[in-house]
Colleague: 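Please see the structure below; I have some questions.
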Amino acid sequence: MGSEQLIAAAALVRAGVAVPCGRPLVTHPAVDNPSPALHYLTRLPSLDNAPESRLGVASDFIGLECHGEVQSHLDALCHIAFDGQLYNGWPADSVTMAGAAYCGLEVASHGIISRGVLLDIAALHDQRWLPGGVTISGEDLAAAEAAAGVTVRKGDIVLIRTGQALRREVDGPWDSGNLKAGLHPRAMPWLKDRDIAALGFDGDGECEPHGYANISAPIHVLGIAAMGLHSFDALTLEMVAAECARQQRSEFMFAALPVHATGATGCAVNPVAIF
């Protein structure tokens, strides 16, 4: 994002309210979470080896798969290859077990900070969450934009709410890898035409089933490999939607500060929407 986008985003902070967009870490396996996060304490203050110092120290370890349906994360531009190429034509084999030579997470080490815009598709259809298999069209995006009273523009971070995170919270896990609402590939030109900077979802943006037999994850292919969009997946947007309703505006400053991990394909993240 350029300096103009940063300055414009900062000007949106008027109420002094920061709303988290990341879900809590999920440390137990489920049908949608085959690789749960690991979190355990490595040191306890009550068992300190030097009690005479009067100092107790607690430490812990956190480890997690940086992608998937449940843990909130940022996809780096090396996360997806198509026909042997990453974004900008870099070869897919430039990503090795040692990391990515190009398009790694370090590209985002300065932070992803810009104007955020919430497009609430579930609310547009007067539903708590969209049923699995429902596709979001460009017309849906335009209607949600009009309902929000905003105009999506260059450099924006567009957050698309389907209600997937809320559904998991209310009804529990389901096989969302094979049944979920998401964007139709033909909706991507709507976003491309507006030259946005990044996309965020309370799922991962994919519709399943999507009907394209010869391609997996078409939204990731188009968004990351073709358009060069960083993707925030598995967010929760319920608190953001509620704050937008309270503030009577659907634009805010969006800020995410990923770890500086050279060559990484992504990382856990807890972005904030600041009003």
Side-chain angles (χ1 to χ4, degrees), residues 1 32 34-35 65-109 112 132-138 140-141 152 154-160 162 164 175-201 203-235 256 258 261-269:
M1 278 61 67
D32 60 350
S35 300
E65 166 64 52
C66 290
H67 302 284
E69 296 280 334
V70 173
Q71 314 293 355
S72 298
H73 64 275
L74 169 65
D75 288 340
L77 299 182
C78 62
H79 176 48
I80 296 293
F82 186 70
D83 279 347
Q85 292 187 336
L86 305 174
Y87 176 63
N88 265 348
W90 295 112
D93 61 9
S94 64
V95 183
T96 69
M97 296 303 288
Y102 307 102
C103 299
L105 191 63
E106 68 276 6
V107 173
S109 62
I112 298 179
V134 170
T135 57
I136 298 168
S137 66
D140 287 322
L141 297 177
V152 175
K154 179 178 180 180
D156 282 351
I157 298 167
V158 176
L159 306 181
I160 297 176
T162 65
Q164 181 169 322
D175 186 12
S176 54
N178 291 303
L179 184 65
K180 58 191 169 188
L183 288 170
H184 193 284
R186 291 194 183 95
M188 296 303 283
W190 191 92
L191 297 163
K192 173 64 176 174
D193 289 346
R194 284 148 183 81
D195 200 14
I196 66 170
L199 270 172
F201 308 99
D204 64 0
E206 304 286 349
C207 175
E208 292 290 352
H210 55 66
Y212 288 78
N214 298 320
I215 186 172
S216 299
I219 300 307
H220 278 66
V221 169
L222 291 169
I224 297 175
M227 296 167 60
L229 296 177
H230 284 94
S231 179
F232 293 92
D233 292 349
L235 302 178
T262 300
T265 68
C267 71
V269 68

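Predicted model, so just to flag it, every value in this text is computed and none were measured.
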Colleague: Do the ring planes of Tyr102 and Trp90 sit parallel (below 30°), tilted (30 to 60°) or perpendicular (above 60°)?
Modeller: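 Parallel, since the angle between the ring planes stays under 30°.
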Colleague: Are the side chains of Glu106 and Thr262 in touch, meaning some heavy atoms are under 4.5 Å apart?
Modeller: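 The answer is yes, as the side chains (C-beta and beyond) meet within the 4.5 Å cut-off.
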Colleague: Ignoring hydrogens, what is the shortest heavy-atom contact between Cys78 and Thr265? Give both atom names and the distance.
Modeller: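 Taking Cys78 first and Thr265 second, the nearest heavy atoms are SG-CA, 3.6 Å.
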Colleague: Does a side-chain heavy-atom distance below 4.5 Å link Cys207 with Leu183?
Modeller: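 With C-beta onward as the side chain, the pair stays apart.
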Colleague: Please check if any side-chain donor atom of Glu69 sits under 3.5 Å from a side-chain acceptor atom of Ser176, or the reverse.
Modeller: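 Looking only at side-chain atoms, Ser176 and Glu69 do form a donor-acceptor pair, the distance falling under 3.5 Å.
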Colleague: Between the side chain of Glu206 and the main-chain N/O of Gly182, is any donor-acceptor distance below 3.5 Å?
Modeller: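 Checked: no pair found.
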Colleague: Considering non-hydrogen atoms only, spot the tightest contact between Ala226 and Leu222 and give its length.
Modeller: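 Heavy atoms of Ala226 and Leu222 come nearest at CB-O, 3.2 Å.
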Colleague: Run the numbers on Lys180 and Asp204 for side-chain contact (heavy atoms from CB on, under 4.5 Å), then give the verdict.
Modeller: CA-CA 9 Å; Lys180 58 191 169 188; Asp204 64 0; 3.0 Å; yes
Colleague: Taking all heavy atoms of Gly104 and all of Ala76, pick out the closest pair and write down the distance.
Modeller: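 Taking Gly104 first and Ala76 second, the nearest heavy atoms are C-CB, 4.1 Å.
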Colleague: Taking the side chain as C-beta and beyond, is there a heavy-atom pair between Leu191 and Leu199 under 4.5 Å?
Modeller: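 The answer is yes, as the side chains (C-beta and beyond) meet within the 4.5 Å cut-off.
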Colleague: Please assess Arg194 against Val152 for the test side-chain contact (heavy atoms from CB on, under 4.5 Å), listing each intermediate value before the final yes or no.
Modeller: CA-CA 7 Å; Arg194 284 148 183 81; Val152 175; 4.0 Å; yes
Colleague: Would His220 and Asp75 count as a side chain to side chain donor-acceptor pair (under 3.5 Å) if you check the C-alpha gap in whole Å, the side-chain angles of each, and the deciding distance to 0.1 Å?
Modeller: CA-CA 9 Å; His220 278 66; Asp75 288 340; 3.2 Å; yes
Colleague: One pair to check against side-chain contact (heavy atoms from CB on, under 4.5 Å): Leu77 and His230. What are the steps and the verdict?
Modeller: CA-CA 6 Å; Leu77 299 182; His230 284 94; 3.9 Å; yes
Colleague: Is the shortest side-chain heavy-atom distance between Val269 and Phe232 below 4.5 Å?
Modeller: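 Heavy-atom side-chain distance check passes, below 4.5 Å.
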Colleague: Indicate yes or no for a side-chain donor-acceptor contact from Ser231 to the backbone of Asp233 under 3.5 Å, with no hydrogens or angles considered.
Modeller: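 No, Ser231 side chain to Asp233 backbone: no donor-acceptor pair under 3.5 Å.
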Colleague: How long is the span from the CD atom in Glu208 to the CG atom in Asn178, to the nearest 0.5 Å?
Modeller: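 Those atoms lie 6.5 Å apart.
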Colleague: So, Ser72 side chain and Ala234 main chain: donor-acceptor pair closer than 3.5 Å or not?
Modeller: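 At least one qualifying donor-acceptor pair exists.
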Colleague: Do you know the tightest heavy-atom contact between Pro189 and Arg186?
Modeller: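 Distance-wise, the nearest heavy atoms are CD-O, 3.3 Å.
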Colleague: Would Asp175 and Asp32 count as a side-chain contact (heavy atoms from CB on, under 4.5 Å) here? Give the steps.
Modeller: CA-CA 6 Å; Asp175 186 12; Asp32 60 350; over 6 Å; no
Colleague: Check Ile196 against Leu229 and note the closest heavy-atom contact, atom names and distance.
Modeller: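 Closest approach of Ile196 to Leu229, heavy atoms only: O-CD2, 3.3 Å.
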Colleague: Has Gln71 got a side-chain atom pairing as donor or acceptor with Glu65's backbone, closer than 3.5 angstrom?
Modeller: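 Judged by distance alone, no pair lies under 3.5 Å.
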Colleague: What orientation do His67 and His73 show, parallel under 30°, tilted 30 to 60°, or perpendicular over 60°?
Modeller: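 Answer is perpendicular, since the angle exceeds 60°.
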Colleague: Using 0.5 Å steps for rounding, measure from the CZ atom of Phe201 to the CG atom of Leu235.
Modeller: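 Going from CZ on Phe201 over to CG on Leu235, the span is 9.5 Å.
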Colleague: How far apart are the closest heavy atoms of Ala108 and Leu74, and which atoms are they?
Modeller: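 Nearest heavy atoms, Ala108 then Leu74: CB-CD2, 4.4 Å.
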Colleague: Nearest 0.5 Å please: distance from the CG atom of Leu86 over to the SG atom of Cys103.
Modeller: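 Output value for this atom pair is 5.5 Å.
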